[in-house]
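Below: the structure, in structure tokens.
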Amino acid sequence: MVTFDFECFAKLFSKLRLLLNASITFYNKEFKGTCACTSPGSPFCASVKKHLKEKCEESDSDSFMTCLNNNKQSLKYNCHFGLTELSFRLSHNNETYGFVIVGPFKTKEDEAEIERRIVEYCEETGTSRDEMMRTFKDIPYFTEEKFNAIETLIFALFEYALSQKIILISQDNFIDIFDDYLQEHLSEDITIQSLCSHFYLSQKQLYTIIKNAKGIAPKAYIVQKRIMEAKYLIKTTDLTIQQIAEKVGMPDYPHFFKAFKSITGNSPNHYRKK
């Protein structure tokens, strides 16, 4: 389970809003809006949501699905009213934590068409046309340079939130993510320092989590994972023992031999014969 300090997120977004002059809203990975949003939001969108809230939510959800289905981290799209919005998928270690919507923005190309829609919307709903036009004029213009800058800031903020534990992952979830990472990088030189840096943990935190979950220290757990993979490769492939040792990230054969025998009770060659 992933938990968030939404109050802290809201404060960070509010500071970012001063720079961007645009509303920011955080959604969890189930596409549900959270209290982590800038206040006040867009007055224009607030007027539209009085009558078209479901369409607004559908636009947001569609953008999140597009990010997921196309493995995108960011997306520029037009909402149902024609305004430009930016959607960002916050993910780390192949795990999606949530989504951020920034906007709305307007473009010179779409301005006349949106003004026409405003007139129709006000006639249909009895909303004040002058008020809608006023709030529409206040919406900032979109540029690609602005998109790139916002993208950089949003992901920098996300990295900061991870490092400062504004986003917390439960131990069970972390172990699953940790195991997946080890499996993917098993042939590489995995160090405690590199793991701590990758997962934004101190050495003490990493030691405590792995020790509590697995009963052994992180270094020993990594060796155990390497030997388990070596056993599988010995059973299922014709690779030489040396090749297998290299494949599981233990190219120093004497060290591999000693670790394999210590964990399995057999030498690698004897294990293959059995």
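Each residue takes its place number in the sequence, starting with 1.
Side-chain atoms of Asn28 come within 3.5 Å of backbone N or O of Glu30 as a donor-acceptor pair. The closest donor-acceptor contact from the side chain of Ser163 to the backbone of Tyr160 lies under 3.5 Å. In this structure, Lys146 contributes its side chain and Tyr141 its backbone to a donor-acceptor pair below 3.5 Å. The backbone N or O of Lys258 sits nowhere less than 3.5 Å from a side-chain atom of Ser262 that would complete a donor-acceptor pair. No side-chain donor-acceptor contact under 3.5 Å links Ser187 to the backbone of Gly249. At least one donor-acceptor pair under 3.5 Å links the side chain of Gln243 to the backbone N or O of Thr240. Judged by distance alone, with hydrogens and angles left aside, the side-chain atoms of Gln73 form a donor-acceptor pair with the main-chain N or O of Arg89 at under 3.5 Å. Ser47 places a side-chain N or O within donor-acceptor distance of the main-chain N or O of Pro43, the cut-off being under 3.5 Å.
Side-chain atoms of Tyr97 and Lys29, non-hydrogen and from C-beta on, never get closer than 4.5 Å to each other. Here the side chains of Ile210 and Ile175 are in contact, with some heavy-atom distance below 4.5 Å. Looking only at side-chain heavy atoms (C-beta outward), Phe147 and Ser74 come within less than 4.5 Å of each other. Leu157 has its side chain out of reach of Val100: every pair of non-hydrogen atoms, C-beta onward, lies at least 4.5 Å apart. Side-chain contact check for Leu83 versus Phe105: every heavy-atom pair is 4.5 Å or farther apart. Contact of the Asn266 side chain with the Lys261 side chain is not registered, since no non-hydrogen atoms from C-beta on lie closer than 4.5 Å. The side-chain heavy atoms of Asp110 and Thr107, taken from C-beta on, include a pair separated by under 4.5 Å. Counting heavy atoms from C-beta on, the side chains of Ile101 and Ile24 never come closer than 4.5 Å.
The minimum heavy-atom distance between Phe158 and Ser91, with the atom names listed, is CE2-O, 3.4 Å. Taking both residues in full, the closest heavy atoms of Val48 and Met132 are given as CG2-CE, 4.1 Å, listed atom of the first, atom of the second, then distance. Between Gln224 and Ile263 the shortest heavy-atom distance is CA-CD1, 4.0 Å. Shown here for Ala259 and Met250, the closest heavy-atom pair between the two residues is CB-CE, 3.8 Å. Nearest heavy atom pair, residue Ile139 against residue Pro104, reads CG2-O, 3.4 Å. Scanning all heavy atoms of the two residues, the minimum distance from Ser59 to His80 falls at OG-N, 3.1 Å.
A salt bridge does not link Asp130 with Arg134: none of the charged nitrogens is closer than 4.0 Å to a carboxylate oxygen. Looking at Glu120 and Arg117, no side-chain N of the basic residue comes within less than 4.0 Å of a carboxylate O on the acidic one, giving no salt bridge. Contact check on Glu229 versus Lys225 returns no salt bridge, with no Lys/Arg side-chain nitrogen under 4.0 Å from an Asp/Glu carboxylate oxygen.
Neither Leu18 nor Ile150 shares a network with the other; the hydrophobic side chains, linked directly or stepwise wherever heavy atoms of I, L, V, M, F, W or Y lie under 4.5 Å apart, form separate groups for each. Cluster membership for Ile241 and Val223, using ILVMFWY side-chain heavy atoms within less than 4.5 angstrom, is shared. Residues Leu153 and Leu90 share a single hydrophobic cluster, defined by chaining ILVMFWY side chains whose heavy atoms lie under 4.5 Å apart. Linking Ile, Leu, Val, Met, Phe, Trp and Tyr whenever their side-chain heavy atoms come within less than 4.5 Å puts Phe31 and Leu75 in one cluster. Met228 and Ile222 fall into different hydrophobic clusters, where Ile, Leu, Val, Met, Phe, Trp and Tyr residues are linked whenever their side-chain heavy atoms come under 4.5 Å apart, directly or through other members.
Distance check, rounded to the nearest 0.5 Å: CZ of Arg129 to CD1 of Ile118 gives 9.5 Å. To the nearest 0.5 Å, atoms CE (Met133) and SG (Cys122) are separated by 7.0 Å. Atoms CZ and NZ, from Phe44 and Lys106 in turn, are 9.5 Å apart once rounded to the nearest 0.5 Å. The CD1 atom of Ile192 lies 11.0 Å from the OH atom of Tyr207; values are rounded to the nearest 0.5 Å. The line from OG1 of Thr38 to CZ of Phe13 is 9.0 Å long, rounded to the nearest 0.5 Å. Note that SG of Cys45 is 11.0 Å distant from CG of Leu52, once rounded to the nearest 0.5 Å.
In this structure Tyr221 satisfies the ring-ring contact (aromatic ring centres under 6.0 Å, His included) test with no other residue, sequence neighbours excluded.
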Derivation of the side-chain contact (heavy atoms from CB on, under 4.5 Å) call for Glu115 and Lys137: CA-CA 10 Å; Glu115 288 182 347; Lys137 296 297 183 185; 2.9 Å; yes
Can Arg272 and Ile244 be said to form a side-chain contact (heavy atoms from CB on, under 4.5 Å), step by step? CA-CA 12 Å; Arg272 170 164 275 172; Ile244 289 172; 3.8 Å; yes
Derivation of the side-chain contact (heavy atoms from CB on, under 4.5 Å) call for Thr135 and Glu131: CA-CA 6 Å; Thr135 56; Glu131 182 65 16; 3.9 Å; yes
Evaluate the criterion side-chain contact (heavy atoms from CB on, under 4.5 Å) for residue pair Tyr181 and Ile177; output intermediate values, then yes/no. CA-CA 6 Å; Tyr181 179 84; Ile177 295 169; 5.6 Å; no
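At most 12 heavy atoms of other shown residues, nucleotides or ligands fall within 6.0 angstrom of atom NZ in Lys53. Residue-environment remark: CG (Asn70) exceeds the threshold of 12 foreign heavy atoms within 6.0 Å. When the shell of 6.0 Å around CD of Gln193 is examined, it contains more than 12 heavy atoms from other residues, nucleotides or ligands.
Sorted by first and then second residue, the ring-ring contact (aromatic ring centres under 6.0 Å, His included) pairs with a member in residues 239-259 read Phe256-Phe260; sequence neighbours excluded.
Ring-plane geometry between Phe88 and Phe155 is classed as perpendicular, the angle between the planes exceeding 60 degrees on a 0 to 90 degree scale with a lower cut at 30.
For the pair Lys76 and Phe142, the cation does not sit on the ring face, since its NZ or CZ is not both under 6.0 Å from the ring centre and inside 45° of the axis.
At a cut-off of 3.5 Å, with distance as the only test, a side-chain donor of Thr191 or Ser194 sits close to an acceptor on the other residue.
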